[in-house]
Amino acid sequence: MKTYVIINGRRVDLEVHLSRSRTIITLGRTSEEAYNVLALDDDSTHLFQCQFTRTDTGAWRVHNGQWRTECPKGIRSRLQHACNMCMGRCVNPRPAHPTYSWRTPKNSTLLNGVELTHEGTELKDGDVIEVGNVRLSVVRV
């Protein structure tokens with residue numbers, strides 16, 4: 001069963017954005033500071049608003065906030081992966097051992113009107129995700 005998220009009338013297949021190096025789908029405000037797989041051009045959305053993860057059973061979960069790595073030199077650019085690591089040009093002498101931290105947005109992500117936690121909730125057909133002033137609909141086909 002496929003899971004889609006409808007963003008501003010556009011249907012997005014979450015699975016299309018997965019790869020061997022990308023196992024989470026980040027959603028947040030468009031910014032030069034960090035790359036989000038699904039970027040929203042809306043000031044009411046936080047930079048690290050939420051993330052989607054896929055479970056072992058193939059279901060999708062949405063979490064309030066995002067896991068991010070800390071750049072050792074404070075470099076921020078659109079060229080960085082969702083994890084904030086430079087694309088093969090990281091100045092970190094030990095890029096295989098990054099420091100991770102959970103980033104919580106200033107305004108919570110809501111699923112069907114209920115605040116999400118960092119643990120996340122499994123998505124079902126018809127769910128509505130609210131991030132700032134933006135509403136996303138979940139469609140499972």
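The first residue of the sequence shown is numbered 1, and numbering continues consecutively from there.
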For V62, the option from L14, D127, L123 that meets side chain to side chain contact (heavy atoms under 4.5 Å, CB included): L123

Intermediate values then yes/no, side-chain contact (heavy atoms from CB on, under 4.5 Å), R29 and D43: CA-CA 7 Å; R29 186 179 71 241; D43 290 339; 4.1 Å; yes

Linked, directly or transitively: L38 and L110 (ILVMFWY side chains, under 4.5 Å): no

Check: T104/H118 side-chain N/O donor and acceptor closer than 3.5 Å: no

Between CZ on residue R103 and CG on residue L47, distance to nearest 0.5 Å: 8.0 Å

Close side-chain approach of D125 and V139, heavy atoms under 4.5 Å: yes

Any donor-acceptor pair under 3.5 Å from N107 side chain to S44 backbone: yes

Minimum side-chain heavy-atom gap W60-I25 below 4.5 Å: yes

Interatomic distance, K106 atom NZ to F48 atom CZ [nearest 0.5 angstrom]: 10.5 Å

Approximate separation, where rounding is to 0.5 Å, of E115 CD and T121 OG1: 11.5 Å

Over 12 non-hydrogen atoms of neighbours within 6.0 angstrom of CZ in R140: yes

Audit row: Q49, N36, side chain to side chain donor-acceptor pair (under 3.5 Å) steps and yes/no: CA-CA 10 Å; Q49 187 68 52; N36 278 297; over 6 Å; no

Side-chain heavy-atom pair V37, I24 within 4.5 angstrom cut-off: no

Co-membership, hydrophobic cluster, residues Y4 and V134, 4.5 Å side-chain: no

Any donor-acceptor N/O pair, E122 side chain to R61 backbone, under 3.5 Å: no

Short side-chain to backbone donor-acceptor contact, Q51 and W67, under 3.5 Å: yes

L40 backbone acceptor or donor facing T30 side chain under 3.5 Å: yes

Positive for side chain to side chain contact (heavy atoms under 4.5 Å, CB included) with H63, one of T53, T117, L116: T53

Nearest non-hydrogen partners of V131 and C50, listed with the distance: CG1-SG, 4.3 Å

Verdict with supporting geometry, R11 and I6, side-chain contact (heavy atoms from CB on, under 4.5 Å): CA-CA 4 Å; R11 188 168 85 168; I6 311 296; 3.6 Å; yes

Backbone N/O of L27 and side chain of Q66: donor-acceptor pair under 3.5 Å: yes

Euclidean distance, E119 CD relative to N64 CG, rounded to 0.5 Å: 11.5 Å

Distance-minimising heavy-atom pair for D13 and T3: OD1-O, 3.7 Å

